[in-house]
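Numbers here are sequence positions counted from 1. From a predicted model like this one, the values you see are computed outputs, not experimental measurements.
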Amino acid sequence: MAAVGSGTVNLRRFAMSKRSLTFVCQNCGAAFNRWQGKCEACGEWNTLSEEGAERPSGPGRKPGKGRLFALDALTGEAHDAPRLVSGIAEFDRVTGGGFVRGSVLLVGGDPGIGKSTLLIQAAAALARAGHRAVYISGEEAVAQVRLRAERLGLCDAAVELAAETSVEDIIATLSAGKIPRLIVIDSIQTMWTDMVESAPGTVTQVRGSAQALLRFAKKTGAAIILVGHVTKDGQIAGPRVVEHMVDAVLSFEGEGSHQFRILRAVKNRFGPTDEIGVFEMTDSGLCEVANPSELFLSESDLGQPGTAVFAGIEGTRPLLVEIQALVAPTSLGTPRRAVVGWDPSRLSMVLAVLEAHCGVRLGGHDVYLNVAGGMRIHEPAGDLAAAAALVSSLANAPLPADAVFFGEVSLSGAVRPVAQSAARLKEAAKLGFNRAIVPDAARSELAKPNLKVTDVGSLAGLVADIAARGKAPRLVRTGGQDG
Ligand code: TYD
Ligand code: MG
C-alpha cells in the first residue's frame, strides 16, 4: 500500500511541474522546468530557451463536457483523394501524382538550393491552369518575389503575393474570398501565431503555426506547401513534430557546385517515398530533367581505369550513374578511406570482401570513391560496380566503356541478384551500352537481344577478369599518357 501511495505523490508532482514548464530545447523540442546548459533529451548544448507555456488543451477540460461524434466504418464512400496536378512532371512524380486537396506538404533544403524558385514555379504553373494560387513570403518583400518571377518569365501567371508572417492574418485573409487551391508559405520558421506567447522562430511558435495552418487545410481543402529550413546536420529545423504532423516531407538536395537538384520524398502519406525528381538550375529557373541518366555520365571518363557505370533504380525509374574510384599507395601510417555519394560502411564491407575472398591487398593503399554528378546511391545493388571500379583502379585496368554493372556483394564473396534487372538492362541499352555485367540469376530476365550479358557468380571471378585486362596498360604506365 505504501508503495502505491508514494507513486501517487510522485505522479502529482510530475503533473504540477508539467504545467509550469518554460524552457524548451530549440533542437528537439523537449521541455524542462528550469534552465540547464545541456538538453538531456538530445544531448545538445545551449539549446534551451525560455518560452511561454502553451495554453492547456485537452486534459484541462472538465470531465463530462465532451461533444458526441459519430464513428465511421472502414468501408464506405472513400472519395478518391482528388489531386491537383502541378504540370511540372518531375514535381508530380515525387508527390505521387500531384498535390492532394487538404494536405500539407513540407519542403526542406539548404539555403540557396532553390526552394523559393521551385515553389514560385509550381504556383505559377497552377495559376496558369486556372486555379487560385497564393504565395506568402515571410522572408522576402513582395518586390523581391516579383523580381524573381520576372526573371523566370512567370509574370503573366495570376499568382497572388503577400509578405506576411501572422498566421491569424493569413488565415483570415484567405478564408474571406474563394478558397485558394494552393498556398505556399515561405517559410514556416518566419510565421507566428498569437495562440502561443514566444518569439517567432522558436519551436513552440513553429509548432503552433504549423498546427493552425494544418487545421485550415483540412477544413477548407486547400493544399498548403510549407518551406522548412534545414540545420547544419540536415534535419528540418524546428521540432520533429512538424514532420509528423504534415502529410508529406520532401527534401530538396544538391551539391552547391553542381547544377543538378534532386527532390526526394522522405515521407508521403499519399504516394511513394522512393521516387526522385531531377531538376537543373539554369539562369531561367529550375528545368526538369526528363532523362537523368545522361546527366550523371561523362563521356570523357568512361573507359578510364577506376570508372564503372552502375545501372541503378531510383523509385520506379532506372538511372545510370558513374562510380569513380582511386586506389593509390598510401604515404600515411593509416591508409585513408574517403567516400562521396555512397555509404562508407558499405565501402568498408566491399573492401573486406575483396581482401578476404579475392586476394586483393588494400592495406597499404588509400581508397577514394566518388559518385559522379553529386548523386547519392542508396541501394546495395551498387556493390558490384563499386568493386569493379576499385579493382580497375588498383590494377590500372580500364573497364569496357560500353559496359554497365549491377549486383549486390554478399559477405561470402558471392554476387546476389537484385530487383528490376530488366528495367536496368533496358535503360542501359537505350543509352547505347552494349554489355552488362550482372549477377547469375538476372540472366533469365534478359529481354534485350542487343545487349551482351555476362553473369558473374562471385566477386573473385570478376576480379580475375579485370586483373587479366590490366597487364598491358600496366607495362606502359611509366610512359605517361601517350602509351
Ligand atoms: P532560392 O530559390 O532563393 O533558394 P532558397 O529559397 O532555397 O533559399 O534560390 C537561390 C539560388 O538559385 C541563388 O543562388 C541563385 C539561383 N538561381 C538561379 O541560378 N537561377 C534563377 O533563375 C534563380 C531564380 C535562382
Ligand atoms: Mg527562399
Could you give the side-chain donor-acceptor pairs of residues 302-313 under 3.5 Å, partners two or more places apart or in another chain?
none

List the atom of [X], the atom of [Y], and the distance in Å for their closest heavy-atom pair.
{"X": "A122", "Y": "F91", "result": "CB-CE1, 3.9 Å"}
{"X": "L182", "Y": "A123", "result": "CD2-CA, 4.0 Å"}
{"X": "I170", "Y": "M191", "result": "CD1-SD, 3.7 Å"}
{"X": "V94", "Y": "L263", "result": "CG2-O, 3.5 Å"}
{"X": "I88", "Y": "A125", "result": "CG1-CB, 4.4 Å"}
{"X": "L154", "Y": "I120", "result": "CD1-O, 4.0 Å"}

Residue set satisfying ring-ring contact (aromatic ring centres under 6.0 Å, His included) with F405, at least two apart, ordered chain then number -> none
Can you list everything that forms a ring-ring contact (aromatic ring centres under 6.0 Å, His included) with Y135? Sequence neighbours excluded, please. none
Please test D343 against R376 for salt bridge (charged side-chain N to carboxylate O under 4.0 Å, His left out), starting from the C-alpha separation and ending with a verdict. CA-CA 9 Å; D343 183 2; R376 287 198 67 83; over 6 Å; no
As a test of understanding, state which of V203, V206, V104 forms a side chain to side chain contact (heavy atoms under 4.5 Å, CB included) with V242. V206
If we only count heavy atoms from C-beta on, is the [X] to [Y] side-chain gap below 4.5 Å?
{"X": "L351", "Y": "L390", "answer": "yes"}
{"X": "V134", "Y": "V184", "answer": "no"}
{"X": "I276", "Y": "L319", "answer": "yes"}
{"X": "V327", "Y": "L362", "answer": "yes"}
{"X": "L152", "Y": "Q121", "answer": "yes"}
{"X": "L213", "Y": "L226", "answer": "yes"}
{"X": "L84", "Y": "L126", "answer": "yes"}
{"X": "W342", "Y": "V350", "answer": "yes"}

Which residue pairs pass the salt bridge (Lys or Arg N to Asp or Glu O under 4.0 Å) test when at least one of the two sits in [range], sequence neighbours left out?
{"range": "residues 275-290", "answer": "none"}
{"range": "residues 123-145", "answer": "R128-D156, R132-E160, E140-R148"}
{"range": "residues 302-316", "answer": "R264-E314"}

Is a side-chain N or O of [X] found less than 3.5 angstrom from the main chain of [Y], in a donor-acceptor match?
{"X": "D383", "Y": "E408", "value": "no"}
{"X": "T193", "Y": "G208", "value": "no"}
{"X": "K115", "Y": "D186", "value": "no"}
{"X": "R337", "Y": "L369", "value": "no"}
{"X": "R181", "Y": "A222", "value": "no"}
{"X": "E164", "Y": "S137", "value": "no"}
{"X": "S392", "Y": "A397", "value": "yes"}
{"X": "R83", "Y": "G98", "value": "yes"}
{"X": "K426", "Y": "P318", "value": "no"}
{"X": "S393", "Y": "A389", "value": "no"}

To the nearest 0.5 Å, what is the distance between [atom1] on [X] and [atom2] on [Y]?
{"X": "S166", "Y": "E168", "atom1": "OG", "atom2": "CD", "result": "5.0 Å"}
{"X": "L286", "Y": "T117", "atom1": "CG", "atom2": "OG1", "result": "5.5 Å"}
{"X": "L320", "Y": "L431", "atom1": "CG", "atom2": "CG", "result": "5.0 Å"}
{"X": "I225", "Y": "I183", "atom1": "CD1", "atom2": "CD1", "result": "10.0 Å"}
{"X": "S103", "Y": "K218", "atom1": "OG", "atom2": "NZ", "result": "6.5 Å"}
{"X": "I262", "Y": "E253", "atom1": "CD1", "atom2": "CD", "result": "6.5 Å"}

Intermediate values then yes/no, side-chain contact (heavy atoms from CB on, under 4.5 Å), F32 and E40: CA-CA 9 Å; F32 301 89; E40 282 161 13; 4.1 Å; yes
Begin with the C-alpha distance, continue with both residues' side-chain angles, and end with the deciding distance and a verdict on side-chain contact (heavy atoms from CB on, under 4.5 Å) for V391 and L462. CA-CA 9 Å; V391 176; L462 179 75; over 6 Å; no
Can you check whether F99 and F270 have ring centres sitting under 6.0 Å from each other? no
Residue list, salt bridge (charged side-chain N to carboxylate O under 4.0 Å, His left out) with K430, at least two apart or on another chain: E427
Tell me, please, which residues at least two apart from R215 pass salt bridge (charged side-chain N to carboxylate O under 4.0 Å, His left out). none
Does [X] have any side-chain contact (heavy atoms from CB on, under 4.5 Å) partners at least two apart in sequence or in another chain, and if so, which?
{"X": "V415", "value": "L384, P439, V456"}
{"X": "T165", "value": "T190, W192"}
{"X": "D92", "value": "V85, S86, T95"}
{"X": "E150", "value": "C155"}

F406 six-ring face occupied by R424 cation (under 6.0 Å, within 45°): yes
Yes or no on side-chain contact (heavy atoms from CB on, under 4.5 Å) for V463 and L354, after CA distance, side-chain angles and deciding distance? CA-CA 8 Å; V463 171; L354 284 172; 3.7 Å; yes
Begin from the C-alpha positions of V227 and I188 and carry the test side-chain contact (heavy atoms from CB on, under 4.5 Å) through to its verdict. CA-CA 6 Å; V227 174; I188 185 67; over 6 Å; no
